Amino acid sequence: MKIGVFDSGLGGLLIAKEIRKQLPDYDYVYFGDTLHLPYGVRSMDTIYGYCEKIVDYLFRVQNCQIIIVACNTASAAALRRLQQEYLPTHFPDRRILGVVIPMLEEADDSNIKNLGLIATNYMVGSGIYQEELRKIDPEIEIHQKATPLLVPLIEYEGDEWIDSVLQSYLQPLVEKGIKGLILGCTHYAILEEKLAKLLPENVTILSQHKIIPLKLTDYLQRHPEIETKLTKNNHVSYLLSDITPSYILASERLMQEKITLQKVVL
Ligand code: DGL
């Protein structure tokens, strides 16, 4: 059985790539819902509908034992309902994991008390990072900034505008004296170097492509009942719900290699 990694688009490819580096033996399937991108501007019900279809496909057709919802927006809009309603009725022995709680646990472990978060409109509006943070450590402050221009700029290669857009997005967070910045969207990992140049040196960047692979490794060690069901042929497939020439280019840019993309209509 496989490990599924799912995102609204291409950003999760970076997380999938790093997971494979960390855990190369397993079999993977990546699903990018490029047909419905961006999730960050849609309603909760709509995002849930997309996510349920995708996880159902990944479990039924792709035979995944565990799915990482690498998309923050999908984690906020759909994860709890998938775990509490969908999974127990359809696949009680399989697992769906998200990205929000592991990121906050990492911030807590790193003893960062003043956090910034950049994310999509949906993520910021959902307040999910604040809600989960109250359970983990109510003393940690979090300052959020919705950064809706970043995903389109990344997906459609708007490199020449990114620095100035980033600067104006970061300014209010820097003024709040943040000591850590959570990149609350899979796509933002690709901006890590630019962000490091624009942020004060004492701000730690918390990026999912570095943190999620470690958290998954830890999870699999603690859950042999899941780990022993995973097959180990070192295989991966990349599936998208829509493929355009710009997605092909963007995926190569993100992965720094040619990958075979397959279109799947759900
Ligand atoms: N991948 C999504 C996330 O991590 C953002 C992109 C989108 O809006 O679909 O939140």
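Numbering of ligands and ligand atoms starts at 1, following listing order. One-based numbering along the sequence shown. All figures in this text were calculated on a predicted structure; none of them were measured in a lab.
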- Query: Looking only at heavy atoms, is any part of Thr186 under 4.0 Å from ligand 1, and if so is it the side chain, the backbone, or both, or is it neither?
  - Reply: both
- Counting distance only, does the side-chain N/O of Asp25 pair as donor-acceptor with the main-chain N or O of Lys232 below 3.5 Å? no
- Task: Could you find the nearest protein heavy atom to atom 6 (C) of ligand 1 and give me its residue, atom name and distance?
- Result: Ser8 OG, 3.4 Å
- Query: Any idea which of Gly12, Gly40, Pro148 brings a heavy atom closest to atom 8 (O) of ligand 1?
  - Reply: Gly40
- In terms of the angle between their ring planes, are Tyr86 and Phe91 parallel, tilted or perpendicular, with boundaries placed at 30° and 60°? tilted
- Message: Over 60° means perpendicular and under 30° means parallel, so tell me whether Tyr219 and His223 are parallel, tilted or perpendicular.
- Response: parallel
- Task: Return the residue, atom name and 0.1 Å-rounded distance of the protein heavy atom closest to atom 10 (O) of ligand 1.
- Result: Thr73 OG1, 2.6 Å
- Message: Can you see whether Tyr188 engages Thr147 through a side-chain donor-acceptor pair at a distance of less than 3.5 angstrom?
- Response: yes
- Output yes when the distance from some N or O of ligand 1 to some N or O of Thr120 is under 3.5 Å, and no in every other case. no
- With a cut-off of 4.0 Å, which atoms of ligand 1 are near a heavy atom of Leu37? 9 (O)
- Query: Is any side-chain N of the basic residue among Lys179 and Glu141 closer than 4.0 Å to the acidic one's carboxylate O?
  - Reply: no
- Note on the structure: Closest non-hydrogen contact found for Ser207 with His209 is OG-ND1, 2.6 Å
- Query: Salt bridge between Arg80 and Glu132, side-chain N to carboxylate O under 4.0 Å?
  - Reply: yes
- Item | Proximity of Val151 to ligand 1 by residue part, where a heavy atom lies under 4.0 Å | side chain
- Note on the structure: Note: ligand 1 atoms sitting under 4.0 Å from heavy atoms of Asp7 are 1 (N), 2 (C)
- Min heavy-atom dist Cys71 to ligand 1 below 4.0 Å: yes
